[in-house]
Amino acid sequence: MEYDFRKIEKKWQSYWYEHQTFKAVEDPSRPKYYVLDMFPYPSGAGLHVGHPLGYIASDIYSRYKRLCGFNVLHPMGYDAFGLPAEQYAIQTGQHPAVTTEKNIARYREQLDRIGFSYDWSREVRTCDPAYYKWTQWAFLKMFDSYYDNRLQKARPVSELVDSFSRTGTRDIDAACTKELSFTAGQWNSMTDREKSDILMNYRIAYQGETSVNWCPKLGTVLANDEVKEGYSVRGGYPVEQKKMTQWQLRVSAYAARLLDDLEDLAWTDSLKDMQRNWIGRSQGAEMVFKAYNGDLEYDMHIFTTRADTVFGVTFMVLAPESEWVEKLTSPEQESAVAEYLNEVKKRTERERLAETKKVTGVFSGSYAVNPLTGNRVPVWISEYVLAGYGTGAIMAVPAHDSRDYAFARRFNLPIIPLIEGCDVSESSFDAKEGIMCNSGFLDGMTVKEAIPAAIDYVEKHGIGHRKINYRLRDAIFSRQRYWGEPFPIYYKEGIPTPLPSSELPLQLPEVDKYLPTESGEPPLARAADWTYGGWPLEKSTMPGFAGSSAYYLRYMDPHNDSALVSRGADEYWRNVDLYIGGTEHATGHLIYSRFWNKFLYDLGYVCEKEPFKKLINQGMIQGRSNFVYRIINTNKFVSYGLKDGYDTTEIHVDVNIVHNDRLDIDAFRKWMPDFADAEFILENGEYICGYATEKMSKSMFNVVNPDMICDTYGADTLRLYEMFLGPLEQSKPWDTKGIDGVHRFLKRLWRLFYGKDGLAVTDGKPLPAELKTLHKLIGKARTDIENFSFNTTVSAFMIAVNELYDLKCSKRAILEPLIILLSPFAPHISEELWEALGHKESISFASFPEYDERYVVEDSCTYAVSFNGKTRFTVDLPKDMSREAVESEVRSLDQTMKYVGDGNIVKIIVVPGKIVNIVVK
RNA sequence: GCGGAUGUGGUGAAAUGGUAGACACGCCACUUUGAGGGGGUGGUGGGCGUAAGCCUGUGCGAGUUCGACUCUCGCCAUCCGCACCA
């Protein structure tokens with residue numbers, strides 16, 4: 001009987017479907033385990049072989065955990081709102097919901113063929129109103145909350161209002177856009193509009209004017225993580241800075257907790273570092289410099305991490321966008337400053353980034369006074385100071401900061417060295433080491449002593465205070481697009497007002513076109529009646545990360561109509577034990593999700609402060625492109641080895657008509673009309689193609705479709721091969737060449753069970769050699785699966801099957817555990833063989849075989865002989881020797897006699913299965 | 001510039017500090033078959049040798065150790081992330 005994977009896989013996929021084998025139900029009697037994949041955006045292109053890599057890994061782990069007795073939650077869904085569907089809608093007029101639906105169907109079909117153990121009854125789609133009701137709900141909760149810095153948690157805005165009406169801002173320490181100060185009396189006499197404006201300053205979901213990333217081509221604003229090097233991540237269009245009023249989330253309030261709680265997560269160091277960098281904590285001091293524009297005096301606040309260098313301040317610098325620019329520009333400098341600001345504005349973000357080496361700036365005409373030395377220093381304006389960080393103004397210490405140094409050199413400003421023996425003639429001395437000089441009371445201290453000493457002094461004299469700054473900015477939360485969650489906000493007399501929660505979900509309206517209106521309003525402005533109670537509704541929609549921020553919670557209780565997740569479900573499933581996905585979400589989704597979870601945690605809706613306990617980043621699978629070489633101005637193609645003799649252009653060729661780099665010439669002629677009468681210059685009768693590793697994409701013709709692999713080799717082969725390719729975390733090119741190896745392995749496994757005359761399994765007692773093979777495999781599989789080293793596990797299976805094949809083993813007592821072990825990797829063939837052995841129930845309800853060390857004894861081991869605490873030599877002796885026998889054996893060796901003769905005692909340390917140390921004392 | 005990771009055959013890769021290259025691809029030889037992109041057997045880091053065998057070998061250079069792909073230090077190269085963050 002042949003291994004008929006097509007029949008087998010179809011059979012078991014429908015079996016699982018009919019029996020709902022993988023349906024997860026809360027069960028307090030069993031420990032839970034939650035395995036989650038980052039849900040995909042259903043794009044029109046469908047899945048290629050790179051996508052399922054992480055899904056296969058998580059599926060193996062889920063099935064393994066299930067065999068180990070865990071109640072496993074392993075759901076899947078779709079991140080279905082997003083730009084591509086909308087761009088497609090703009091071009092074709094087709095409703096994004098229609099294309100999305102179609103793409104989801106295609107994804108599902110492809111996923112099903114690979115044999116995943118998802119509980120599809122828990123599927124979620126972010127674009128489903130029943131789902132986005134809870135996205136809108138969370139937004140309203142954020143709108144209705146502020147962040148209490150003293151309690152370090154979110155609290156209802158009503159408490160803030162209460163406090164304002166009793167004591168004004170006196171008793172409040174809250175995260176805010178701008179420090180405010182007013183009395184209860186002032187508050188109580190404010191109009192509703194004024195109160196609304198004040199509260200916006202504190203809300204966690206708030207509206208505020210900021211400089212945003214505006215993408216004219218996409219007609220929308222973008223978050224920082226959606227922009228790379230001045231271009232949009234989606235589409236690659238130029239992005240510019242623009243001041244706009246936008247909805248934002250006060251993520252920055254959570255910076256400290258997002259940073260600190262990273263500590264306990266089982267994530268990779270590199271990913272944690274990426275988040276640490278993004279959050280960007282720096283410890284320093286905020287200081288006040290008096291600044292004078294003519295006779296006008298101002299308190300200018302600056303932030304520095306190097307308070308020890310105050311004695312070396314020779315000028316101050318303002319960011320061009322800083323509000324100080326206007327106040328500190330003197331009448332004489334007005335035109336020069338205006339000209340500079342104009343110039344800065346004209347340059348795009350892209351140009352600014354490209355010209356970081358170029359030093360520009362202008363003198364404001366004002367002076368500031370160094371609070372420690374009393375020296376008067378000029379105030380300059382330069383774009384190397386960023387408005388969005390710190391206070392948008394800095395004290396410049398050219399001797400010890402390379403940027404200040406470059407600026408001082410360019411504009412001939414003085415440079416005062418503050419560290420003994422440092423040379424600042426060529427460049428600044430940025431290192432935080434050495435002995436202070438020219439620094440008054442700090443002289444003689446090391447830099448490490450001087451920093452806290454300077455801050456202490458500053459605090460004591462009321463010049464400033466300790467401060468921790470974070471680089472993390474609030475997330476811009478509005479998009480001027482159609483295909484996203486509508487905001488449950490309307491404008492009553494112009495005041496942003498939350499919709500009553502009974503009105504949720506606020507569904508997306510129908511529009512005639514998906515483009516902005518002629519007057520530049522977002523597409524929702526096209527809706528016929530986009531109002532509530534006669535007042536206009538918010539016209540922008542939420543960004544992509546809104547829907548993906550809490551989806552892992554919804555899977556716990558996906559059909560609940562009265563809560564995002566019920567308390568019971570949340571307390572049972574708690575949080576994700578294992579999360580698998582790409583690194584590209586390090587500073588986007590993984591920050592927002594953690595923020596969202598912490599917010600819900602503060603309000604008592606969830607019981608865990610972190611959403612994802614363990615995180616694995618699977619590597620990307622790149623494409624392996626093939627090329628043909630066309631001789632210029634002809635329709636003649638020259639083989640790879642001979643191309644250097646001709647003037648050729650390299651053309652991507654579909655990898656599906658190339659086998660082992662050899663071109664299928666007939667298929668090539670049929671591939672595109674242009675090539676129908678192509679001619680070829682061959683080598684050894686074959687056309688050899690060139691190759692390169694590139695991103696897998698349609699335009700490179702290097703996309704390998706998992707369906708195609710399932711057709712020719714089967715899903716089990718695909719699963720094993722993707723794991724066999726190399727370590728999970730590593731990026732690697734897809735190369736179909738090696739797939740025959742794992743396919744052969746499965747056929748060989750099959751032949752272990754089936755001979756020419758059908759099932760050949762016998763009931764005999766297993767031999768020691770057979771037991772050894774089996775238990776070696778169990779031990780290896782257990783540790784390797786726990787460590788997500790799936791490539792070595794697959795190798796171990798191959799070794800075991802080869803050994804059993806050599807032993808001609810057909811014993812049930814060996815083969816039965818073998819297929820249980822294999823079932824997480826190759827579930828279809830395992831189920832089939834399991835059934836052939838007479839089992840009625842699915843193999844996923846079996847239990848993972850126990851490892852027994854006794855069967856896996858090595859016959860010899862290495863003994864290291866120590867003398868005076870140092871190991872002197874090693875000797876190999878049989879494993880089963882007694883301790884005394886080993887000792888006497890070692891004593892009998894000539895070398896040992898030398899040491900033992902000195903009156904030393906031989907001590908033997910036995911490490912089971914490992915090296916045995918014989919220590920001579 | 002800062003941070004992280006990686007460096008082993010023709011290829012993907014494996015090695016609690018203990019015989020480097022398991023396993024697989026590819027390649028070579030043989031075998032089975034009417035035939036095969038099927039099954040099987042053997043070989044395959046490099047150098048010398050008919051062979052047994054010998055020498056050499058994990059980016060480079062030191063160090064620790066009886067023993068280093070593995071640990072420490074210093075270089076070099078590649079990849080990823082951040083980047084005028086005061």
Side-chain angles (χ1 to χ4, degrees), chain A residues 2 224 228-229 268-282 284-285 302-307 309 316-317 319 352-353 355-360 382-397 400-404 406-407 430 469-473 583-584 586-587 617 619-620 659-661 712 720-721 724-727 729-745 747-748 751 783-784 789 791-802 805 861-867 870-876 895 911 913-915:
Chain A
E2 279 294 296
N224 281 344
K228 243 187 195 159
E229 290 170 7
T268 60
D269 289 339
S270 68
L271 199 87
K272 284 190 190 180
D273 270 329
M274 267 190 233
Q275 291 216 340
R276 286 194 192 106
N277 273 337
W278 192 259
I279 297 167
R281 179 190 145 106
S282 47
I302 60 100
F303 175 75
T304 180
T305 54
R306 293 293 302 272
T309 60
M316 311 291 285
V317 190
R352 236 175 115 155
L353 282 164
E355 297 170 15
T356 51
K357 296 273 152 15
K358 203 166 140 190
V359 181
T360 65
S382 172
E383 59 182 336
Y384 85 85
V385 175
L386 304 174
Y389 184 76
T391 61
I394 61 152
M395 63 177 212
V397 186
H400 302 290
D401 182 287
S402 53
R403 297 151 300 176
D404 297 345
F407 196 81
D430 292 13
N469 249 334
Y470 294 94
R471 210 177 64 99
L472 185 70
R473 316 284 170 83
T583 4
E584 66 271 21
T587 53
N617 296 114
M620 281 242 285
H659 308 284
N660 288 344
D661 291 337
T712 38
L720 281 167
Y721 186 55
F724 185 68
L725 225 41
E729 288 96 332
Q730 222 165 78
S731 285
K732 54 233 158 187
W734 176 267
D735 193 346
T736 310
K737 262 194 218 159
I739 202 166
D740 291 317
V742 286
H743 192 61
R744 267 174 216 153
F745 156 74
K747 285 199 284 195
R748 198 175 248 243
R751 286 206 305 272
T783 53
D784 281 3
S789 177
N791 56 330
T792 53
T793 320
V794 176
S795 292
F797 279 119
M798 291 181 178
I799 294 168
V801 167
N802 284 345
Y805 206 76
C861 68
T862 309
Y863 297 73
V865 182
S866 301
F867 174 64
K870 282 195 164 187
T871 307
R872 293 302 180 185
F873 59 92
T874 62
V875 55
D876 285 323
Q895 289 159 292
V911 185
K914 306 277 172 173
I915 297 166

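Numbered from 1 within each chain, the chains take letters A, B, ... in sequence-line order.
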| Contact nearer the 5' end of RNA chain B, comparing A/T587 with A/K737 | A/K737

| Closest nucleotide of RNA chain B for A/N277 versus for A/G392: which of these residues is on the 5' side? | A/N277

[X] [atom1] to [N] [atom2], straight-line distance once rounded to whole Å:
X: A/M620; N: B/rC79; atom1: CE; atom2: C1'; value: 12 Å
X: A/I279; N: B/rA83; atom1: CD1; atom2: P; value: 14 Å
X: A/R276; N: B/rA5; atom1: CZ; atom2: P; value: 12 Å
X: A/D784; N: B/rC23; atom1: CG; atom2: C1'; value: 12 Å
X: A/Y470; N: B/rC82; atom1: OH; atom2: P; value: 21 Å
X: A/Q275; N: B/rC82; atom1: CD; atom2: C1'; value: 13 Å
X: A/H743; N: B/rG37; atom1: NE2; atom2: P; value: 16 Å
X: A/Y384; N: B/rC84; atom1: OH; atom2: P; value: 14 Å

Whether the [X] and [Y] side chains hold a donor-acceptor pair (N or O, under 3.5 Å, no angle test) is what I'd like checked.
X: A/T587; Y: A/Q275; answer: no
X: A/R281; Y: A/N469; answer: no
X: A/T583; Y: A/N617; answer: no
X: A/S795; Y: A/T792; answer: no

Side chain of [X] - closest among [options]:
X: A/R748; options: B/rC23, B/rG81, B/rG40; answer: B/rG40
X: A/I799; options: B/rC23, B/rG38, B/rA86; answer: B/rC23
X: A/D740; options: B/rC23, B/rA86, B/rG26; answer: B/rG26
X: A/D273; options: B/rG38, B/rG3, B/rC23; answer: B/rG3
X: A/S270; options: B/rG26, B/rG38, B/rG4; answer: B/rG4

Give me the distance, rounded to whole Å, that separates [N] from [M] when you measure between the [atom1] atoms they each carry.
N: B/rC27; M: B/rG74; atom1: C1'; value: 41 Å
N: B/rC75; M: B/rA15; atom1: C1'; value: 27 Å
N: B/rC25; M: B/rG38; atom1: P; value: 11 Å
N: B/rU58; M: B/rG9; atom1: C1'; value: 10 Å
N: B/rG7; M: B/rC60; atom1: P; value: 13 Å
N: B/rG10; M: B/rG49; atom1: C1'; value: 24 Å
N: B/rC79; M: B/rC66; atom1: P; value: 40 Å
N: B/rG40; M: B/rA24; atom1: P; value: 11 Å

Quick one: look up who [N] pairs with, Watson-Crick or G-U, both distances under 3.5 Å, and put none if it's unpaired.
N: B/rG49; answer: none
N: B/rC2; answer: B/rG81
N: B/rU19; answer: none
N: B/rG67; answer: none
N: B/rC25; answer: B/rG10
N: B/rA62; answer: B/rU72

| Base of B/rG9 relative to its sugar, syn (within 90° of 0) or anti? |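 It is syn.
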
| query | Parallel under 30°, tilted from 30 to 60°, perpendicular over 60°: which one fits the rings of A/F303 and A/Y389? | reply |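 The rings of A/F303 and A/Y389 stand perpendicular, inter-plane angle above 60°.
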
Between [X] and [N], does any side-chain N or O lie under 4.0 Å from OP1 or OP2?
X: A/S282; N: B/rA86; result: yes
X: A/R751; N: B/rG40; result: yes
X: A/N802; N: B/rA24; result: yes

With distance as the sole test, does [X] use its side chain to make a donor-acceptor pair with the main-chain N or O of [Y] at under 3.5 Å?
X: A/S731; Y: A/M620; answer: yes
X: A/K732; Y: A/P727; answer: yes
X: A/N791; Y: A/L725; answer: no

| query | Can you name the closest pair of heavy atoms from A/D404 and A/M395 and give their distance? | reply | OD2-O, 4.0 Å

Within the sub-3.5 Å range, which N or O atoms of nucleotides 12-14 of chain B have a protein N or O partner, and how far apart are they?
| unit_1 | atom_1 | unit_2 | atom_2 | d |
| --- | --- | --- | --- | --- |
| B/rG12 | O2' | A/L725 | O | 2.4 |
| B/rA13 | OP1 | A/Q730 | OE1 | 2.7 |
| B/rA13 | O3' | A/N791 | ND2 | 3.4 |
| B/rA14 | OP1 | A/N791 | ND2 | 2.8 |

| What pairs with A/T736 under side chain to side chain contact (heavy atoms under 4.5 Å, CB included), at least two apart in sequence or on another chain? |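 Testing A/T736 for side chain to side chain contact (heavy atoms under 4.5 Å, CB included), a comparison that skips the adjacent residues, returns A/V704, A/I709, A/W734, A/I739.
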
